[in-house]
Protein chains: 4
Amino acid sequence: MGIRERKERERERRRQQIIVAAKRVFSEKGFNKATMEDIAKEAELSPGTLYLYFKNKDELYASLSLRILQYLIIRLEHVNGNAELDSNQKIDALNEAMFDVYEFDPLIIINMFHLQSSETLKNLSDELLAEIEELSRKSLGAISNIFQEGIDDGVFVDKHPIALADIYWSLFSGVILWESSKKIINREKDYLKETLRIAFDVFSRGLKKNN
Amino acid sequence: MGIRERKERERERRRQQIIVAAKRVFSEKGFNKATMEDIAKEAELSPGTLYLYFKNKDELYASLSLRILQYLIIRLEHVNGNAELDSNQKIDALNEAMFDVYEFDPLIIINMFHLQSSETLKNLSDELLAEIEELSRKSLGAISNIFQEGIDDGVFVDKHPIALADIYWSLFSGVILWESSKKIINREKDYLKETLRIAFDVFSRGLKKNN
Amino acid sequence: MGIRERKERERERRRQQIIVAAKRVFSEKGFNKATMEDIAKEAELSPGTLYLYFKNKDELYASLSLRILQYLIIRLEHVNGNAELDSNQKIDALNEAMFDVYEFDPLIIINMFHLQSSETLKNLSDELLAEIEELSRKSLGAISNIFQEGIDDGVFVDKHPIALADIYWSLFSGVILWESSKKIINREKDYLKETLRIAFDVFSRGLKKNN
Amino acid sequence: MGIRERKERERERRRQQIIVAAKRVFSEKGFNKATMEDIAKEAELSPGTLYLYFKNKDELYASLSLRILQYLIIRLEHVNGNAELDSNQKIDALNEAMFDVYEFDPLIIINMFHLQSSETLKNLSDELLAEIEELSRKSLGAISNIFQEGIDDGVFVDKHPIALADIYWSLFSGVILWESSKKIINREKDYLKETLRIAFDVFSRGLKKNN
DNA sequence: TATGAATGAGCGTTCATTCAT
DNA sequence: GATGAATGAACGCTCATTCAT
């Protein structure tokens, strides 16, 4: 392993260290209340160091979404690649994968929509922006593939599979956002996971041609 | 019309003027990037004037959500009150109502989740908070009533109707949020409305016992 | 009584109404936390009206000091004019007068030093400034007269009577300020009046040649 | 000298730099008219930097009082600890100490009463508040000890020594406040010091049993 | 490379003052 | 004269970002 390579590896390690710290802090405080100093402290680094690895706060933030998308894609490709599953089983596997995504990082999804703001987007480098697009497209593509297969097999209703993928993702993140925001009208804990399960259930039923 | 009444009307006019301006600015920039001065400028007023009508930024913001909830409830009660509709027809009417809500104010829903933050809630007056809770409860209640009826009639799957209402709302707002955030991966316009329609369709199918 | 005179009288009545309200509000909140709107409300007038009678907040404030000085002067002249009292008795009478001043308006004295700030003074009209100077001089003069008499009679120590008057007033206001500020180290109530009494006592003893 | 120590020293230097600037600005403009930006400019720092060393404006302000109290206590303990002085000599020494306190920082005493406001106190950290209380108590205690001794020795009038200490402090600060506020009725300079001397003189005379 | 002290622009909010009615 | 809605300058404070070490 050359020096250059070792350096690169070290650099990546640092990046991950910061991302992990940022995730914790953003999750706890939300994007706006989390300060760069909070994150630096959590990462046991100085604020200045953060800027050696990320151009600015927005870009650090965006990197988090990247990470969860990467995890999601791995799970989805695993589902898609499993030739032994029929369409119905793949839907179940998809639902399970989404559950795992939620467990992997329950809170960051809530903040993921922060990226929406075009003001935020303006601060991102073109490379990062391209990467986000790429991963988003990839993950939605993987989901829509599952639906496409079911449609081709004649077991799913014949709707545009990309739209279905969008809807599926919307349902998933919508439930998480909404249930998390229910501090307003307090309800018992773990209600979220149960609701998520029902949501997947209803959606799956709606997807299938004959129930 | 007495002087008092005219004054009251004038005051309400100003409030609406501010709310309309705030809606535009919040929609464009999001809660945190929107400044009170932005809103004042948009309303062609001075910053100080905003505070004559709203206690603070949070409360101005919350007022926007109130407005759309009020509109939603009116529509929902109309659906619920119509004795001539069977359960299946009511679902259709519900979907139409939600469509109108979206058209009534397509952008504010995007930011509506900002209310979640307990930090935000802290700054709201008790009255406003109570009103938000009341309206939230009412609108979800109206939706769950429709589902309850269908379950009682034996035409809908037997799931907890309040959970179903939560999911329905999550799906609705989730799709709007997600599609609106798709500036990232630009797609043709009006795709949102079509997606929303498919989403309602799939959900309705999933809801019904026999397709 | 001519119309002009009646108007003038009416105008004076309003001024007093405002001054009384201002006294209450300034006493309760202090100069800086008291707003013109607070005072207007207390006077059951509108903020704009206050400016018909007083050039600005500073000038309204200064008028309060004027009023207490006027009361003080009346009391002092009464003491000085009483030919039946010898020097020792006049000191006692002086002390009593100061007690009454304190009771007349215990709190405003605390804020009276606000006038010190040259920034404040800048906002006062020349007439008002002249009037304050005149009354200050007069009241201190009346006090120093009492001391002068005692010195001339050979019963008081031979110090500069104007300096003594300054010291006497300093002691008086110093005790009030200090005791009022003792929220820091809380002590039992009415301690102030007792302390004031001891202060006068010690000062009087120090003033007299033979004890 | 270790790095840590050098840093600590540097930090203390900055604090003093700010305190000195704040003293000048507060003295000139009073607490309320002095802005943090004024102080920052005077200290040749940016506003943000002030907040690295002091939690807020109130706490910066309170630190000034702390400084003078610390100096006062040192002087007082020196007087109290000197076994060679009899009660009369201790009074003289006390008066000299107070003179030095005045010279040490003639202007800050003027504003020291600002601390009274419970609104101000609310913004202070518990530690700072405790420290202020502690130092106030200590300094008044030291003064009252001197009086107690004189009373025990039978040379001072038998009054409550704590009340006497309060009065002594009131007289001291009252004279400074009053004379400083005499910009209103301008008088020759150094009059203050002469007045202070007379004030101490009269008080001492009043304190002693036989003159 | 890493630091962390310093920056300074920016924001929410207040309130003395004005002026059209 | 009286009103009170509207103003807008001003302030305390925060925090993303920079840069000398």
Side-chain angles (χ1 to χ4, degrees), chain A residues 7 10-11 14 31-41 43-61 123, chain B residues 3 7 10-11 14 32-41 43-61 123, chain C residues 7 10-11 14 31-41 43-61 123, chain D residues 3 7 10-11 14 32-41 43-61 123:
Chain A
K7 282 219 167 159
E10 177 62 21
R11 186 175 169 79
R14 268 274 197 273
F31 180 81
N32 280 286
K33 306 248 167 188
T35 71
M36 289 302 266
E37 197 175 339
D38 288 338
I39 296 168
K41 234 170 228 156
E44 297 181 66
L45 291 169
S46 78
T49 306
L50 266 45
Y51 286 85
L52 296 175
Y53 295 90
F54 298 92
K55 218 184 73 194
N56 54 41
K57 194 185 174 189
D58 280 331
E59 195 140 337
L60 169 53
Y61 187 81
N123 274 330
Chain B
I3 273 187
K7 287 230 164 141
E10 177 63 21
R11 187 176 167 79
R14 267 276 195 274
N32 278 286
K33 305 238 175 189
T35 72
M36 289 303 265
E37 197 173 340
D38 288 338
I39 297 170
K41 242 171 217 154
E44 295 180 73
L45 291 170
S46 77
T49 306
L50 303 189
Y51 288 86
L52 296 177
Y53 295 90
F54 298 92
K55 221 185 73 198
N56 53 43
K57 193 185 174 189
D58 282 329
E59 197 139 337
L60 168 54
Y61 187 81
N123 271 333
Chain C
K7 284 219 167 158
E10 176 61 21
R11 185 174 169 79
R14 268 274 198 273
F31 180 80
N32 280 286
K33 305 247 168 190
T35 71
M36 290 302 266
E37 196 174 340
D38 288 338
I39 297 169
K41 233 170 227 157
E44 296 181 68
L45 290 169
S46 77
T49 306
L50 265 46
Y51 286 85
L52 296 176
Y53 294 91
F54 298 91
K55 217 184 75 195
N56 54 42
K57 194 184 174 189
D58 281 330
E59 196 141 338
L60 168 53
Y61 186 81
N123 274 331
Chain D
I3 274 188
K7 285 230 164 140
E10 177 62 21
R11 186 174 169 81
R14 267 276 194 272
N32 279 287
K33 305 239 175 190
T35 71
M36 289 303 265
E37 197 175 339
D38 289 338
I39 296 169
K41 242 171 217 154
E44 295 180 73
L45 291 170
S46 76
T49 305
L50 302 190
Y51 289 88
L52 295 177
Y53 295 89
F54 299 91
K55 221 185 72 198
N56 53 43
K57 193 184 173 190
D58 282 329
E59 198 139 334
L60 169 53
Y61 187 82
N123 273 333

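Residue numbers begin at 1 in each chain, while the letters A, B, ... track the order of the sequences.
- Between the C/K55 side chain and the C/N123 main chain, a donor and an acceptor come within less than 3.5 Å of each other.
- The nearest whole Å value for the distance from the CG atom in D/N56 to the P atom in F/dC11 is 17 Å.
- Rounding to the nearest 0.5 Å places CD1 of C/I39 at 5.0 Å from CG of C/L60.
- In this structure, CZ of A/F54 is placed 16 Å from P of F/dT18, rounded to the nearest angstrom.
- Note: NZ (B/K41) to P (E/dG12) measures 12 Å, nearest angstrom.
- When rounded to the nearest whole Å, the span between NZ of B/K33 and C1' of F/dA16 equals 11 Å.
- By the 4.5 Å heavy-atom criterion applied to side chains, B/D38 and B/K33 are not counted as neighbours.
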Exercise. In B/S/- notation, 5' to 3', how is nucleotides 4-10 of chain E contacted by protein heavy atoms closer than 4.0 Å?
Worked result: B-BBB--

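- Rounded to whole Å, the distance from CG on B/N32 to C1' on F/dT14 is 13 Å.
- The neighbour count for A/E37 CD, taken as heavy atoms of other residues, nucleotides or ligands under 6.0 Å away, does not exceed 12.
- Identified under the side-chain hydrogen bond (donor to acceptor under 3.5 Å, both in side chains) test for residues 43-53 of chain B, with sequence neighbours left out: B/S46-B/T49.
- C/F31 is not listed as a side-chain neighbour of D/N32, based on a closest heavy-atom distance of 4.5 Å or more.
- Among the protein residues, B/A34 comes within range of the sugar-phosphate backbone only, with heavy atoms under 4.0 Å from sugar or phosphate atoms but none that close to a base.
- If you take CD of B/E37 and P of E/dT14, they are 16 Å apart, rounded to a whole angstrom.
- B/A40 and B/P47 get closest at one heavy-atom pair: CB-N, 3.7 Å.
- Atom CE in C/M36 sits 7.5 Å away from atom CG in C/N56 (nearest 0.5 Å).
- Atom P of nucleotide F/dT17 and atom OH of A/Y51 are separated by 4 Å, given to the nearest angstrom.
- With C/K57 contributing its side chain and C/A34 its backbone, the two residues share a donor-acceptor pair below 3.5 Å.
- For DNA chain E, each stem of at least three Watson-Crick or G-U pairs (distances under 3.5 Å) is given as range with range: E:2-21 with F:2-21.
- F/dC13 atom C1' lies 13 Å from atom NZ of D/K55, rounded to whole Å.
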